[in-house]
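Comments concern the structure below.
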There are 2 protein chains.
Amino acid sequence: MVRPGGRSARVQASVHAAVRELEAEQGREALTVPLVAARAGVTPSTIYRRWGDLQELLSDVAVERLRPEAPPEDRGDLASDLQAWAEQFLEEMASPPGRAYIRDALLGDPDGSNAGRCSAYAAEQVDVILARAVDRGERAPEVEAVMDRVVAPLMYRILFRPDRLDAAFARGLVAGLLDSPVR
Amino acid sequence: MVRPGGRSARVQASVHAAVRELEAEQGREALTVPLVAARAGVTPSTIYRRWGDLQELLSDVAVERLRPEAPPEDRGDLASDLQAWAEQFLEEMASPPGRAYIRDALLGDPDGSNAGRCSAYAAEQVDVILARAVDRGERAPEVEAVMDRVVAPLMYRILFRPDRLDAAFARGLVAGLLDSPVR
DNA sequence: GTGCAAAAGCTAATGCTTTGCTTTAGTTGA
DNA sequence: TCAACTAAAGCAAAGCATTAGCTTTTGCAC
């Protein structure tokens, strides 16, 4: 039986908060389950039972931090919207903390559900941009096309080839997609 | 000072072998540093000092296993070569063991060098295919284009969206790239 | 308000990890 | 070839994360 309210929710909130605080204060490396438990006012066994281990807990917290806080900015046309979004996405994800969150999210994720959530966040944002373009009467590519041609190359490089990544590369991906005759 | 030969090399080899044997015998989850050390005929502190922790050791071993063993098959033309390679790449990487190796390689990789090596392996294979095509007089895209339009989308889905991945998707990516007027 | 069950607390035992010191063995130069 | 030097491995004890069994709390349903 799932118990979303009451003590369970309080414990979850205080543990997440403890992770964020300690991460900010002492850095990612210093985190341990007993340390987080002490800050959260909880016994370590509670964390082990609910999350399994430190990695799964960090994965949960990382996914929360990767959730976009606002819909993408409306700049008036599809190309501008997509380019601005791609640049911002790259900037956030390629930054040292962004990279750490992505790694953590993938890391403690036995069934892939957290990774799926990250991908869904990006798809949602893209979908908003594309829907706006369609409302304006613009021709717009499919969400999947944007995922394959913009999001995937950015994420691949962030994970596998940390060097030579800049805003121009993101713009080029968007331009390449929008220039394709077959959208 | 680096000492590539002698005892260091023997220890490295026997530790790697121990990881592979135990992984096959008892499964990935059962691995611990003391267990690997015992099998390798080494003290645990040796492993901790050389690799830091279990994850970094597994990352090293995983990269070895992701190294391609043979150059890609020559089927006579670029489209066939690339499609066959993409399908095989997907099959290997998306399989449960393949996914485990990718995760391990990314996971215990503080500086990103192991991830870079994985990416370089794929780029090398692609490069062989493209060079063969050029030799035949075919027009061929740049390696970077193949990485962005074929490898990246495959890897992105393997990592972030494990469902809905099949050979047809890989073929579609290759076809989409080769159909592009601007290569 | 009573009963049930999920989740948290507590505690002791286990064993992974770290660390300081010693020993082994590969490398260099006479 | 031998001796000095030093990187790397062995050893052992201390520290601490993790697990597991049991008890207690607390949310939920009747």
*Of all the choices, D:dC22, D:dG10, C:dA7, which nucleotide is nearest to the side chain of B:Val42 once you look at every atom?*
D:dG10
*N-O pairing of A:Glu144 and B:Arg164 below 4.0 Å*: no
*Look at the side chain of B:Val33 and decide which nucleotide, out of C:dT17, D:dA8, D:dT18, has an atom nearest to it.*
C:dT17
_Residues B:Glu25 and B:Arg39 bridged, charged N to O under 4.0 Å_ = yes
*Write down the distance between CD (A:Gln12) and P (D:dG27), rounded to a whole number of angstrom.*
16 Å
*Using a cut-off of less than 4.0 Å, is there contact between a side-chain N or O of A:Arg10 and OP1 or OP2 of D:dG27?*
yes
*Go through D:dG10, C:dG9, D:dA9 for me and flag the one nearest to the B:Thr43 side chain.*
D:dG10
_A:Asp81/A:Arg136 ion pair, N-O < 4.0 Å_ = yes
_Heavy-atom closest contact (B:Ile158 atom, B:Met93 atom, distance)_ = CD1-CB, 3.5 Å
*Rounded to the Å, how far apart are A:Asp53 CG and D:dA17 P?*
14 Å
*Does D:dG10 have OP1 or OP2 sitting under 4.0 Å from an N or O in the side chain of B:Arg50?*
no
*Let me know the distance between CH2 of A:Trp51 and C1' of C:dA8, rounded to the nearest Å.*
11 Å
*So, is B:Thr46 near the phosphate of D:dA9, with a side-chain N or O under 4.0 Å from OP1 or OP2?*
no
*Is any N or O donor-acceptor pair between the side chain of B:Arg7 and the base of D:dG10 shorter than 3.5 Å?*
no
*OP1 or OP2 of D:dT18 sitting under 4.0 Å from any side-chain N/O of A:Tyr48?*
yes
*Taking for each residue the nucleotide of DNA chain D bearing the nearest heavy atom, is the 5' side occupied by A:Ser45 or by A:Leu35?*
A:Leu35
*asked:* In whole Å, I'd like the distance from the CG atom of B:Leu31 to the C1' atom of C:dG15.
replied: 16 Å
*Candidates D:dA20, D:dG10, D:dA17 - which lies nearest the side chain of A:Thr32*: D:dA17
*Would you call B:Asp163-B:Arg157 a salt bridge at under 4.0 Å N-O?*
no
*Among C:dC16, C:dA8, D:dT18, which is the nearest nucleotide to the side chain of B:Pro34?*
C:dC16
_Nearest-Å distance for atom pair CZ/C1', residues B:Arg49 and C:dT23_ = 12 Å
